[in-house]
Amino acid sequence: MESNTNPTPDKPVIQSILAEHKKQIKIGLTMCAHCSLCAESCFLYMSHEGDPQYMPSYKFLHSVGRLYKKKGDVSRAQLETMRDLVFENCVLCTRCYCPMGIDIPALITLGRRICRSQNLFRNYDR
Ligand code: SF4
Ligand code: SF4
């Protein structure tokens with residue numbers, strides 16, 4: 001059962017999910033060349049006048065990537081910002097193309113799973 005109703009993030013739960021997907025996250029972080037090619041294949045990025053927060057690479061680097069680098073040690077406010085990135089800024093259409101072979105939608109899906117484990121879901125008030 002990976003659910004947390006406490007406003008303080010449950011670090012061990014986050015760490016255990018990160019550990020399960022360590023290889024995939026490390027590959028994404030290591031292989032990303034910050035070339036921005038994935039941006040052109042994301043209609044949300046293209047329809048938001050180039051707002052970097054809609055860039056596919058930004059969405060995984062600043063959610064799962066950041067959680068991994070911080071070893072799951074994040075505040076509730078930081079997690080809420082990640083929640084907005086992975087739920088509001090992506091519809092998981094899987095159209096983003098990365099020439100390095102990074103599975104961006106899979107990493108964003110993982111970010112959603114971590115958010116859900118901390119009782120953070122899509123924010124319908126936005
Ligand atoms: S296309 Fe791939 S390597 Fe380039 S910025 Fe996007 S995720 Fe990174
Ligand atoms: S899966 Fe998300 S990041 Fe990729 S193209 Fe679709 S909306 Fe953009």
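In this chain, numbering begins with 1 at the start of the sequence shown. Order of appearance sets the numbers: ligands from 1, and atoms from 1 within every ligand.
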Presence of N, O or S from C93 under 2.8 Å of atom 6 (Fe) of ligand 2: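 Checking atom 6 (Fe) of ligand 2 against C93, an N, O or S atom does fall under 2.8 Å.
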Contact summary for P9 and I14, nearest pair of heavy atoms: CB-CD1, 4.1 Å
Residue pair M55 / A39: nearest heavy atoms and the distance that separates them: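 Nearest heavy atoms, M55 then A39: CG-CB, 3.7 Å.
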Give the numbers and elements of all ligand 2 atoms closer than 4.0 Å to a heavy atom of [X].
X   : result
T94 : 1 (S), 6 (Fe)
C42 : 3 (S), 5 (S), 7 (S), 8 (Fe)
K59 : 3 (S), 8 (Fe)

Y45/C96 under side-chain contact (heavy atoms from CB on, under 4.5 Å): CA gap, chis, key distance, verdict: CA-CA 10 Å; Y45 173 77; C96 33; over 6 Å; no
Please determine whether residues [X] and [Y] belong to a single hydrophobic cluster, defined as Ile, Leu, Val, Met, Phe, Trp and Tyr linked transitively by side-chain heavy-atom distances below 4.5 Å.
X    : Y   : answer
Y97  : I27 : no
I104 : L37 : no
L92  : V64 : yes

Subset of ligand 1 atoms that lie under 4.0 Å from at least one heavy atom of P99: 1 (S)
Donor-acceptor pair, side chain of K59 and main chain of I108, under 3.5 angstrom: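 The answer is no, because no donor-acceptor pair under 3.5 Å joins these two groups.
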Derivation of the side-chain contact (heavy atoms from CB on, under 4.5 Å) call for L67 and I25: CA-CA 10 Å; L67 278 165; I25 299 167; over 6 Å; no
Atom 2 (Fe) of ligand 2: nearest protein contact (heavy atom, Å): C90 SG, 2.4 Å
Residue, atom name and distance, where the atom is the protein heavy atom closest to atom 7 (S) of ligand 2: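 Result for atom 7 (S) of ligand 2: V91 N, 3.5 Å.
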Number of protein N/O/S atoms that sit closer than 2.8 Å to atom 6 (Fe) of ligand 1: 1
side-chain contact (heavy atoms from CB on, under 4.5 Å), paired with S57, selected from P52, C98, C32: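 Running side-chain contact (heavy atoms from CB on, under 4.5 Å) over P52, C98, C32 with S57 returns exactly one hit, C32.
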